[in-house]
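Naming convention: chains lettered A, B, ... in sequence-line order (proteins, then strands); numbering from 1 in each chain. Quick caveat: nothing in here was measured; it's all calculated off a predicted structure.
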Number of protein chains: 2
Amino acid sequence: MDGYDKYAFEPFAVTVDLAVFTIRDGALHVLLVERGQEPYAGRWALPGGFVRPEESAETAARRELAEETGLQDVSGLHLEQLRTYSEPGRDPRMRVVSVAFTALLPDAPEAHGGSDAARARWTPYDAARNLAFDHDRILADAHERIGAKLEYTCLATRFCPPEFTLGELQQVYETVWGTTLDRPNFRRKVLATPGFVEAVPGGARLTGGRGKPAALYRAGPATTLHPPLLRPTSEGRTA
Amino acid sequence: MDGYDKYAFEPFAVTVDLAVFTIRDGALHVLLVERGQEPYAGRWALPGGFVRPEESAETAARRELAEETGLQDVSGLHLEQLRTYSEPGRDPRMRVVSVAFTALLPDAPEAHGGSDAARARWTPYDAARNLAFDHDRILADAHERIGAKLEYTCLATRFCPPEFTLGELQQVYETVWGTTLDRPNFRRKVLATPGFVEAVPGGARLTGGRGKPAALYRAGPATTLHPPLLRPTSEGRTA
DNA sequence: CCTCTTTATGGTCACTACGACTATAAAGAG
DNA sequence: CTCTTTATAGTCGTAGTGACCATAAAGAGG
């Protein structure tokens, strides 16, 4: 931050890009918009936009999240800065530095594409490839980040509605990690972690499921998991 | 990234700020520079500078790191993006978005203050307060980040010279975390983690220490710790 | 109505990891 | 030679967890 008068500085455009995840039909989905203009016209991209003069990147990201999802209240949603992408050639028109964010939604509200985004669509994560700009990379980084954070935080409840069953919570882990987990062991771990989930006073779910009705839980006050809930095959990674 | 023609965008200045840590005399130190001009003239700040037109933020950060430390080869040093700070009022003169990085140095080369930074100095972390801009916040975020990463990565070896003793490695943990660790248990854990450290073929250190000479180790190929090496009192955090 | 399937829930058992602790070895200081 | 200091080896009990097995409670289909 020193030397303002020693080097001239180039003006940059600053944008935010959002990797918005949800779980739909037991599969991880991400919100994409279709680009209407060059470059990358017709290609899918992460939602985002310019940071306005009076905004911070976080404020801009939450504004874009509201616009793209069409949700009335996005204040309770989990929004987290991922990292900043600043490679000189990442936008062919001009020098754009983009601050990427990750957001987690409980369930997919189908109605969206509020303001400027031409078409917005929930896309299965595995099908979200060949995106515009460096968005493939951003999306992969975001996926890796949330997978890692599930291990040592209570983030998984952010994918769930206000009241949920342990089976739904387990499905969050299985969907993001792409693995299966032993149900009794998962249950034991979650219930043994104080503040992770709290039982709903007198409720059990009946109608939907095919099997025995499951108890309902809410997200607890805890934010971190000690000890962590490690992925089955996350051992011995050398690189 | 859509809507280029729909909203005018403000040009931003983009800078990098570096939180460079080392361990000196058993205490965590951070590299600071003294500002020579307004605003915050005479105050200490994190080293940093503008991102040049042809650079990425990472490139700019490594260039600044070389300039401020005066080191010939900074290519092997650990440099990691922390996060981006973009609050509208964080620089009183203009709109500046800063990408913050964290760097870890094995030992403190006293000679530095290479190019534009008036005076650069290693400062004990606990004494690095009341910095310019929002650098107190950046520094605190950086400290929290490296403390957390020590738990589940092999980052601690980045604080050590090429060959080190387990006592030195333990001191890294104790210094960053501000705790004490049980020596035999720490030793057992480190040696039981494959790829964390590797014994130097036939060496033991003699001259310096007062006690029994310690075996020398090098950093191994592993990058992550499974299971993690958790801090003594990092349990039950609710907020 | 009975049986099969499905999901939820409760439990056991063995093994690993770890905190707390004791003991021994090998150096320098006095 | 003894004291101090640091490194290293090992022990013991407990928490956490992976791999199971068993039971309960619902719907589906005969």
Side-chain angles (χ1 to χ4, degrees), chain A residues 26 150-152 160 163-175 177 179-197 199-200 202-217 222 224-236, chain B residues 26 150-152 160 163-175 177 179-197 199-200 202-217 222 224-236:
Chain A
L150 287 190
E151 290 194 336
Y152 59 95
C160 297
E163 298 192 343
F164 53 87
T165 69
L166 293 184
E168 290 175 303
L169 187 64
Q170 179 175 351
Q171 207 175 45
V172 171
Y173 279 90
E174 293 180 336
T175 300
W177 287 347
T179 60
T180 62
L181 299 173
D182 181 81
R183 208 185 304 255
N185 290 343
F186 178 82
R187 170 186 198 75
R188 185 218 299 160
K189 173 69 181 176
V190 170
L191 295 179
T193 302
F196 192 0
V197 297
V200 170
R205 178 199 220 178
L206 304 133
T207 53
R210 266 210 303 268
K212 176 176 173 178
L216 288 174
Y217 295 86
T224 58
L225 254 45
H226 277 276
L229 176 48
L230 297 174
R231 278 177 269 209
T233 319
S234 65
E235 326 209 0
Chain B
L150 287 190
E151 290 193 337
Y152 58 97
C160 297
E163 299 191 343
F164 52 88
T165 68
L166 294 185
E168 290 175 303
L169 186 64
Q170 180 175 348
Q171 206 175 47
V172 170
Y173 280 89
E174 293 180 335
T175 300
W177 286 349
T179 60
T180 62
L181 299 173
D182 180 82
R183 209 187 304 255
N185 289 343
F186 178 82
R187 171 185 197 77
R188 183 218 295 160
K189 173 69 180 176
V190 170
L191 295 179
T193 302
F196 192 2
V197 297
V200 171
R205 179 200 220 179
L206 305 130
T207 53
R210 265 211 304 268
K212 175 175 172 178
L216 287 174
Y217 294 87
T224 57
L225 255 45
H226 275 275
L229 176 48
L230 297 175
R231 279 177 269 206
T233 321
S234 64
E235 327 206 2

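- Summarising the geometry, the separation between CZ on B:Phe186 and C1' on C:dA17 is reported as 16 Å, rounded to the nearest angstrom.
- Annotation: the span from B:Lys189 atom NZ to B:Tyr173 atom OH amounts to 9.0 Å, rounded to 0.5 Å.
- Taking every side-chain heavy atom of B:Pro213 into account, C:dA27 is the closest of D:dT8, C:dA8, C:dA27.
- At a threshold of 4.5 Å between non-hydrogen side-chain atoms, the residues B:Glu151 and B:Trp177 count as touching.
- For the pair A:Leu230 CG and C:dA17 C1', the computed distance is 12 Å after rounding to whole Å.
- When distances are taken from the side chain of B:Pro227 to each of C:dC21, C:dA8, C:dC18, the shortest belongs to C:dC18.
- Distance from the side chain of B:Arg188 is smallest for C:dA20 among the nucleotides C:dG11, C:dA20, D:dA26.
- Between A:Leu191 atom CG and D:dG16 atom C1' the separation is 15 Å, expressed in whole Å.
- Rounding to whole angstrom units, NZ of residue A:Lys212 and P of D:dA28 are separated by 19 Å.
- Checked by atom type and distance alone, the side chain of A:Tyr152 never pairs as donor or acceptor with a backbone atom of A:His226 at under 3.5 Å.
- Nearest nucleotide to the side chain of B:Arg210, out of D:dT6, C:dA8, D:dA7: D:dT6.
- Heavy atoms of A:Arg187 sit under 4.0 angstrom from primed sugar atoms or phosphate atoms, though from no base atom.
- Going from atom CG of B:Asp182 over to atom P of D:dA9 covers 15 Å, rounded to whole Å.
- Rounded to whole Å, atom C1' of C:dT9 lies 10 Å from atom CG of A:Leu166.
- No donor-acceptor pair under 3.5 Å is formed between the side chain of A:Gln170 and the backbone N or O of A:Phe186.
- Between B:Lys189 and C:dC18 there is a side-chain N or O to OP1 or OP2 distance below 4.0 Å.
- Here the P atom of nucleotide D:dT5 and the CD atom of B:Gln170 are 17 Å apart, to the nearest Å.
- Figure legend. D:dA19 is base-paired to C:dT12; pairs are counted as Watson-Crick or G-U wobble with both atom distances under 3.5 Å.
- Note: CZ (B:Arg231) to P (C:dG19) measures 14 Å, nearest angstrom.
- Pairing for C:dG30 is with D:dC1, a Watson-Crick or G-U wobble pair whose two hydrogen-bonding atom distances lie under 3.5 Å.
- With B:Tyr217 as the fixed residue, the side chain to side chain contact (heavy atoms under 4.5 Å, CB included) test singles out one of B:Thr165, B:Leu169, B:Leu191, B:Val190: B:Leu191.
- For A:Ala215, whose side chain is taken as the heavy atoms from C-beta onward, the closest listed nucleotide among C:dA25, C:dT9, C:dC18 is C:dT9.
- In the set D:dG10, C:dA8, D:dA7, C:dA8 carries the atom at the smallest distance from any side-chain atom of A:Arg183.
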